[in-house]
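All remarks here apply to the structure that follows.
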Amino acid sequence: MNCRLCGSTNLASVVDLGATPPCELFLSADQVDEPEMTYPLHLRLCTDCLLAQLPPLITPEETFTEYAYFSSYSTSWVRHAKDFVDAQVARIDPKFVVEVASNDGYLLQHVVEKGIRCLGIEPSVNVGAAAREKGVPTVTEFLSPETGAAVRAEHGPADLVVANNVYAHIPDVVGFTQGLRALVADDGWVSIEVQHLLTLIELNQYDTIYHEHFQYYTVASAQKALLSGGLALVDVELVPTHGGSIRLLAQPVENAGEPTQRVADVLAREKAAGLHELAGYTEFARRVAGVRRDLLKFLVEAAARGRTVVGYGAPGKGNTLLNHCGIRPDLLAYTVDRNPYKHGRFTPGTRIPILPPEQIEVDKPDYVLVLPWNLRAELTAQLSYVGEWGGKLVFPIPHLEIVEVKP
């Protein structure tokens, strides 16, 4: 394979997680006895431009035309979106805001509340419909240079273009970036949030590697990706979402100022961690193997003692973890999720039943394995009732941790 950003053939292995099904293709009851397609999940690093990437074995159309993830089911994520909107309105006073991959209107609903003109661009038909029901104008499209130009021609240039948790989801990183440039005004701003490869490596967050994440960014590689489409990185913020993300603030190259000191500071942190060369990635695969061994040891020993273990959440990252560890219903009886779309379905590959959250209180399991560990504070509070019968929470990342909770 060639690097999708710079075209280089100098790609080095970071970690090979075997072959798994796409993480968001949940199975219905009548599909459980049918075969599934699996695809290699092998993360590689371009040693020339530093972009970490997976080969584009599936297309965005296969994953995102109908999507199982609704952002609004995470209370903390909606609050994070509101705080972002409040801050950006105070900073630049935008008159027109466009969000790419706007999901179910979790962010733009706050823009609508402020009376600011906005538009969502969302490829998934089902979640886009949910956004329109909230009063968020939404078009059903994938972003490309042509889509960006068409939206600009019809609606005008945007003062602020938001792209949260989508910059990793597109195989054509250059074309997508050109689409962002087409949308934004010449003096406007583009704000991108994406998981930081620094925290992924340092905190063993390997379960965030899955097929719909085509690439994984340091600030160094993100700078190069933005420039490929005519955008210059001006500022960066470190935000806690998804276990540690970067918020990239960019402007068109012709009007962008010099990068702030924060950009230099984060680049220095990445360099100190060794992530601007291959050496910083060589121990990651060994630590990943340790996470798997520790989790499997816990589950096998719990089963041997007759203890019941169920899961909480059915996120994409959880499916990477379950498949890599080979966890089946004999070790994890079921998992639950707040999203009704997933109820009655089964996790891809591992075929673990997904039930409503109320089932935990009915069954009173000894342990609850929290799969969306990035929402630890929110879910620890939500699951505090597990302590009523002496149940405990289990967090697998960055290392196995068993936590007592008080009701």
Side-chain angles (χ1 to χ4, degrees), residues 1 4 11 13-29 31-45 52-69 165 168-171 195 197 200-201 204-216 242-243 281 284-296 299-300 311-332 334-335 337 339 341-342 345-354 369-374 396-398:
M1 59 180 278
R4 67 172 57 91
L11 297 173
S13 175
V14 176
V15 65
D16 186 350
L17 301 177
T20 71
C23 68
E24 293 288 350
L25 293 185
F26 296 93
L27 303 174
S28 62
Q31 293 174 314
V32 170
D33 292 323
E34 297 178 0
E36 289 176 85
M37 286 290 293
T38 62
Y39 304 85
L41 197 56
H42 189 175
L43 182 67
R44 295 176 172 90
L45 179 77
Q53 56 201 281
L54 298 176
L57 299 175
I58 61 174
T59 67
E61 288 78 6
E62 289 176 272
T63 300
F64 298 110
T65 300
E66 182 173 354
Y67 198 38
Y69 180 73
N165 300 312
H169 292 70
I170 36 92
Q195 188 185 24
L197 186 57
L200 188 156
I201 296 292
N204 300 326
Q205 297 168 348
Y206 81 92
D207 56 343
T208 58
I209 299 169
Y210 39 85
H211 298 104
E212 66 182 60
H213 281 178
F214 295 97
Q215 52 266 337
Y216 304 78
H242 297 284
Y281 300 85
F284 185 56
R286 182 186 61 80
R287 298 203 311 271
V288 165
V291 171
R292 176 171 61 178
R293 285 195 300 269
D294 290 345
L295 179 56
L296 281 173
L299 291 172
V300 169
Y312 187 94
K317 60 169 58 71
N319 291 326
T320 291
L321 183 74
L322 295 173
N323 277 285
H324 179 242
C325 295
I327 296 169
R328 300 293 188 273
D330 61 324
L331 296 179
L332 192 69
Y334 59 82
T335 191
D337 200 276
N339 185 350
Y341 177 89
K342 299 179 183 180
R345 295 177 184 260
F346 296 79
T347 57
T350 54
R351 306 188 177 206
I352 293 170
I354 306 171
L369 176 64
V370 181
L371 296 174
W373 49 261
N374 56 298
I397 302 288

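What you see is a predicted model, and the numbers here were worked out from it, not measured in a lab.
A donor-acceptor distance shorter than 3.5 angstrom exists from the side chain of K342 to the backbone of A314, with no hydrogens or angles considered. H213 places a side-chain N or O within donor-acceptor distance of the main-chain N or O of T208, the cut-off being under 3.5 Å. Put simply, the side chain of D337 never gets that close to the backbone of G313: no donor and acceptor are under 3.5 Å apart. A donor-acceptor pair is defined here as one N or O able to donate and one able to accept, closer than 3.5 Å; no such pair exists between the side chain of H242 and the backbone of N165. In terms of modelled atom types and a separation under 3.5 Å, the side chain of T38 and the main chain of P21 share no donor-acceptor contact.
Under the 4.5 Å side-chain criterion, counting only non-hydrogen atoms from C-beta, N374 is not in contact with I397. Using a 4.5 Å cut-off on side-chain heavy atoms (C-beta onward), Y206 and L17 make contact. For the pair Y334 and I354, the minimum side-chain heavy-atom distance is 4.5 Å or more. S13 is listed as a side-chain neighbour of H42, based on a closest heavy-atom distance under 4.5 Å. At a threshold of 4.5 Å between non-hydrogen side-chain atoms, the residues R287 and V291 do not count as touching. Using a 4.5 Å cut-off on side-chain heavy atoms (C-beta onward), T20 and H324 make no contact. Using a 4.5 Å cut-off on side-chain heavy atoms (C-beta onward), L54 and Y210 make no contact. Using a 4.5 Å cut-off on side-chain heavy atoms (C-beta onward), Y216 and V14 make no contact.
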Inset, instruction - Could you walk me through whether L369 and L295 pass the side-chain contact (heavy atoms from CB on, under 4.5 Å) test, one step at a time? - result: CA-CA 10 Å; L369 176 64; L295 179 56; 4.1 Å; yes
Inset, instruction - Walk me through it: do N204 and V288 pass the test side-chain contact (heavy atoms from CB on, under 4.5 Å)? - result: CA-CA 6 Å; N204 300 326; V288 165; 5.7 Å; no
Inset, instruction - List the steps and the verdict of side-chain contact (heavy atoms from CB on, under 4.5 Å) for I201 and Y281. - result: CA-CA 7 Å; I201 296 292; Y281 300 85; 3.9 Å; yes
Legend entry - Residue pair Q195, Q205: steps toward the side-chain contact (heavy atoms from CB on, under 4.5 Å) verdict: CA-CA 10 Å; Q195 188 185 24; Q205 297 168 348; 2.9 Å; yes
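When the shell of 6.0 Å around CG of D33 is examined, it contains 12 or fewer heavy atoms from other residues, nucleotides or ligands.
From T350, atom OG1 reaches atom CG of N323 across 5.0 Å, with rounding to the nearest 0.5 Å. From L296, atom CG reaches atom CG of L331 across 7.0 Å, with rounding to the nearest 0.5 Å. Interatomic distance, L322 CG to D207 CG, rounded to the nearest 0.5 Å: 9.5 Å. Within the model, atoms OG1 of T347 and CD1 of I352 stand 4.5 Å from one another, a figure rounded to the nearest 0.5 Å. How far SG of C23 is from CD1 of I58: 7.5 Å, rounded to the nearest 0.5 Å. In this structure, the separation between CD on Q215 and CZ on R4 is 5.0 Å, given to the nearest 0.5 Å.
Figure legend: R345 and Y341 shown as a cation-pi pair, the cationic atom lying under 6.0 angstrom from the six-membered ring centre and within 45 degrees of its axis.
Counting only N and O atoms by type, the side chains of Q31 and E36 include no donor and acceptor under 3.5 Å apart.
Between P396 and L321 the shortest heavy-atom distance is CG-CD2, 3.8 Å.
Here P55 pairs with M1, R44, L57 under the side chain to side chain contact (heavy atoms under 4.5 Å, CB included) rule; sequence neighbours left out.
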